[in-house]
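Report on the following structure.
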Amino acid sequence: MSSVLPVLCGAVLLGAPGYLMLCALDVRLCLRWGWAPAVTVLLTVVLGALFRVLGIRWTLLSAVIGIVLLVALAAVVRLALQRRTARRLTTSTSTSTSTSTSTSTSTRAGVPAPQDWSRGTAAAVTGASILSGALVAASAARRMGGISTLNGSFDSFFHLSAAAFIRERGDASFTTALSDIYGEPTFYPVVFDDLVAILPFDVITAANAMMLAMLAAIPPAVAAMVAGVSRPARSAPLLVALSAGAATLFLSTPAMALVMGLWPIVLGVVCLAPAIAAVLMLTDRRHGAPGVGTAAGLVLIVIGTALAHPSVLFSVAVVAGLRLLAGGIERMLGGGRLRGLIEVCAALAAAVLFVAGSHVLLSGMALTKPSLDGVGSVLGEILLDSPRIPAVPALLWPMAALWILAMIGAAAAVRSREVLGATAALGLLASLMLGVATQIDHPLAVALVNPWYGARERIAPLMMCMLVLLMARGLLALLESGGRRRRSLPGALAVGAVVVTVLIALVTPQRLPLMGSLAYTAYGVQLTPYVTSEERSFIERTAQELPEGSVVLADPLDGATLYWSVGGVETVFPTMSRPLTREKTLIAHYAHRAGTDEASVELCRALESVGPTHLYRDTSEASGQRINPEDSERWRGVHDIPESRLTLVDASGPYALYELDPAC
């Protein structure tokens with residue numbers, strides 16, 4: 001199957017609901033498409049909860065109808081408010097009319113007025129940012145082996161099962177969508193899984209399509225951030241378009257998407273840039289304080305980002321705290337010492353609370369093992385945004401132009417005492433410090449990075465946003481240095497350097513194309529697949545032959561989760577996570593004891609409740625016991641079920657499916 005149609009459908013599902021809502025509310029924003037995913041997340045969460053309460057199944061049709069109704073409702077409410085305002089204006093004096101008109105204009109969008117671009121300019125910049133995203137998706141997909149190729153990473157199997165559960169059960173709510181996996185209602189950011197579940201393709205194709213669509217959405221999101229916070233300038237459209245191109249140079253987020261299968265965090269990254277812009281716009285006082293409507297709209301963008309993936313909210317919080325710190329320092333330098341000192345103290349107090357709260361509440365999130373490389377080497381990899389994947393080289397040239405321009409931008413911002421520029425510079429420094437802290441085994445360092453699971457790839461998107469903001473400011477400084485009538489030669493050279501770097505980086509085999517292969521086709525370079533193509537074929541074939549009501553028992557590290565996510569056959573362990581209920585833990589540890597004197601009453605009750613009817617075994621070189629023996633030990637009772645309780649149903653090489661005698 002061609003990748004174009006599935007990825008296009010994924011992009012439409014990710015962006016169109018939010019875009020239509022922004023249009024319905026008449027939100028005045030440049031690059032609405034970049035802001036749209038965060039709004040789509042909000043709509044998905046609202047509809048998922050509402051459908052749960054009303055007993056409506058989560059399907060493509062019901063979701064589309066729900067979105068249309070919400071968009072229509074928003075448009076009706078907006079029109080009613082506009083008519084009310086118009087009636088009030090007709091009865092006002094000329095002075096109050098002028099004041100009300102000004103107020104209405106400033107709050108019409110829910111956000112401050114955008115750059116004064118013509119429609120043609122806005123369309124061109126939007127097109128350039130979307131094209132940048134499309135090139136990212138195309139480059140990443142070059143070596144995936146096709147849109148229906150299975151991602152072989154650990155986390156991908158969880159989300160394939162999650163999407164399959166949501167599709168089967170029709171429940172898209174945050175707390176109950178994955179109850180069958182967790183054994184009880186449990187909060188989980190399921191928006192990615194919700195969207196995958198209603199794409200009209202098989203689960204693997206739908207997940208891959210949505211993953212590529214999210215990567216394609218990052219350049220427009222970064223461009224929207226730059227457009228939202230940059231000061232008006234003749235060169236602003238060029239700077240925004242170049243910012244979208246620059247967003248294609250960063251590798252940590254593609255690594256999380258393509259290699260690690262951390263798809264919900266990638267959705268959070270898509271929303272991160274607009275959320276950062278929302279925080280900076282909320283605190284921008286250049287055009288007066290934002291109105292109630294403005295503040296509410298921007299806060300909702302931040303909430304949408306948190307709902308996409310909560311860990312991303314901590315990156316937004318870092319920017320908010322640093323904006324408060326930079327603003328306080330600027331006030332102190334400008335003569336407002338008392339208020340500035342209060343803001344600085346508030347920022348520092350928030351930082352202390354952040355670390356203390358992380359140490360107490362998030363200590364269990366330090367899950368990432370530090371790299372064996374030295375701190376200096378790791379810092380170099382962080383500066384180049386090279387993820388912890390040995391197969392991916394840490395190349396200097398793709399990031400060199402960005403760092404040079406960012407340093408110029410930081411200097412220009414500090415010299416001009418620009419609070420937003422100073423915030424970006426502090427944010428860039430903070431992201432580097434947090435990245436290095438992932439390598440330091442000290443309680444303070446661990447507490448700093450707990451919210452990001454101790455993984456520098458999850459911190460890197462913050463660096464991306466800050467670096468691109470400063471790059472745009474550096475380009476502006478160079479373009480304005482030659483006077484009003486002509487662009488400076490350094491500015492033209494800088495623009496050319498960014499364009500050439502982006503074009504070459506997108507086709508360089510050692511970057512996105514390599515990344516796209518590592519968990520899809522070139523397993524030996526990076527990881528051993530949990531399921532080979534031969535095993536997948538066996539599972540798909542036998543799943544179709546099993547009678548209705550069958551339940552497959554197996555070590556999930558042997559790929560048996562595909563019986564549920566691909567084959568639609570219930571499995572005892574639908575994900576590769578440890579057994580999450582007492583019943584399934586008993587089965588995992590002691591299933592081999594059934595029918596013996598060692599079998600407990602609890603074990604027999606568990607087997608009767610879960611009701612496994614078949615056993616799947618993989619004895620290949622890629623079996624769970626061989627590639628991950630420590631984790632596979634959790635299912636030792638499944639491994640040791642005696643042959644006397646098994647009747648062969650089908651076999652192909654090292655793969656076999658048996659009918660199981662539960663013996664209780």
Side-chain angles (χ1 to χ4, degrees), residues 218 222 246-247 249-260 262 265-266 268-269 272-273 275-276 309-322 325 351 354-355 358-359 362-363 365-396 398-400 402-404 406-407 409-410 423-471 511 515:
I218 293 175
V222 172
L249 299 175
F250 296 85
L251 291 185
S252 285
T253 300
M256 290 190 290
L258 293 160
V259 184
M260 303 173 188
L262 301 174
I265 187 68
V266 178
V269 173
L272 173 62
I276 288 175
H309 199 282
S311 70
V312 179
L313 185 61
F314 292 100
S315 294
V316 180
V318 169
V319 175
L322 292 175
L325 177 63
F354 174 88
V355 175
S358 173
H359 177 71
L362 306 178
S363 59
M365 294 176 64
L367 303 178
T368 307
K369 296 180 180 179
S371 169
L372 298 178
D373 297 332
V375 174
S377 176
V378 169
L379 177 60
E381 293 174 350
I382 293 171
L383 291 169
L384 301 178
D385 195 38
S386 179
R388 293 169 295 119
I389 301 174
V392 179
L395 302 176
L396 174 62
M399 302 297 292
L402 268 62
W403 276 105
I404 293 171
M407 294 303 99
T423 301
L426 289 172
L428 182 59
L429 180 60
S431 67
L432 297 178
M433 293 174 61
L434 289 169
V436 172
T438 62
Q439 296 298 114
I440 301 174
D441 186 17
H442 185 276
L444 176 60
V446 173
L448 279 172
V449 298
N450 276 339
W452 296 275
Y453 298 87
R456 68 175 190 249
E457 290 84 4
R458 296 174 185 254
I459 299 168
L462 173 62
M463 185 189 80
M464 174 187 71
C465 292
M466 300 296 99
L467 190 60
V468 172
L469 279 175
L470 290 175
M471 180 213 72
R511 291 174 60 80
M515 197 84 70

TODO: Test side chain to side chain contact (heavy atoms under 4.5 Å, CB included) on Leu383 and Leu379 and set out the steps.
DONE: CA-CA 6 Å; Leu383 291 169; Leu379 177 60; 4.3 Å; yes
- [ ] Please report the C-alpha distance between Met471 and Trp403 in whole Å, then the side-chain angles of each, then the deciding distance to 0.1 Å, and finally whether the side chain to side chain contact (heavy atoms under 4.5 Å, CB included) criterion is met.
- [x] CA-CA 7 Å; Met471 180 213 72; Trp403 276 105; over 6 Å; no
- [ ] Test Leu467 against Met399 for side chain to side chain contact (heavy atoms under 4.5 Å, CB included), laying out the working first.
- [x] CA-CA 10 Å; Leu467 190 60; Met399 302 297 292; 3.8 Å; yes
Open item on the list: Checking Met466 against Leu429 for the side chain to side chain contact (heavy atoms under 4.5 Å, CB included) test, could you report, in this order, the C-alpha distance in whole Å, the side-chain angles of both residues, the deciding distance, and whether it holds?
Closed with: CA-CA 9 Å; Met466 300 296 99; Leu429 180 60; over 6 Å; no
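Taking 4.5 Å as the limit, some side-chain heavy atom of Phe314 sits within range of a side-chain heavy atom of Leu362. Counting heavy atoms from C-beta on, the side chains of Pro398 and Leu395 come closer than 4.5 Å.
For the 3.5 Å distance criterion, the side chains of Ser315 and Trp452 qualify, holding a donor opposite an acceptor.
Using a 4.0 Å cut-off between charged nitrogen and carboxylate oxygen, Glu381 and Arg388 do not count as a salt-bridge pair.
Ile459 CD1 to Ile382 CD1: the interatomic distance, rounded to the nearest 0.5 Å, is 7.5 Å. Residue Ile276 holds its CD1 atom at 8.0 Å from CE of Met464, rounded to the nearest 0.5 Å. Note that CG of Leu428 and CE of Met463 are 7.0 Å apart. Values are rounded to the nearest 0.5 Å. Phe250 CZ to Cys465 SG: the interatomic distance, rounded to the nearest 0.5 Å, is 8.5 Å. For the atom pair OG of Ser252 and CG of Leu462, the computed distance is 12.0 Å after rounding to the nearest 0.5 Å. Interatomic distance, Asn450 CG to Phe354 CZ, rounded to the nearest 0.5 Å: 9.0 Å.
The heavy-atom pair separating Met365 from Pro451 by the smallest distance is CE-O, 3.7 Å. Of all the heavy atoms in Gly454 and Thr368, the pair that sits closest is O-CB, 3.4 Å. Val468 and Ala246 make their closest contact through CG2-CB, 4.4 Å (heavy atoms, listed as atom of the first residue, atom of the second, distance). The nearest pair of heavy atoms linking Pro461 to Thr253 is CG-OG1, 3.6 Å. Here the closest non-hydrogen pair linking Leu470 and Ala425 is CD1-CA, 3.7 Å. Met515 and Ile389 make their closest contact through SD-CD1, 4.1 Å (heavy atoms, listed as atom of the first residue, atom of the second, distance).
A side-chain donor-acceptor contact under 3.5 Å links Thr438 to the backbone of Gly435. Side chain of Asp373 to main chain of Val378: no donor-acceptor pair is present (N/O by atom type, distance under 3.5 Å, no hydrogens or angles). With hydrogens and angles ignored, the 3.5 Å screen pairs no side-chain donor or acceptor of Ser358 with any backbone N or O of Leu448.
Residues satisfying the side-chain hydrogen bond (donor to acceptor under 3.5 Å, both in side chains) criterion with Ser311, sequence neighbours excluded, are His309. For Gln439, the side-chain hydrogen bond (donor to acceptor under 3.5 Å, both in side chains) test picks out no residue, with sequence neighbours left out. When the salt bridge (Lys or Arg N to Asp or Glu O under 4.0 Å) test is applied to Arg458, no partner is found at least two apart in sequence or on another chain.
Atom CE of Met433 sits in a sparse spot, with 12 or fewer heavy atoms from other residues, nucleotides or ligands closer than 6.0 Å.
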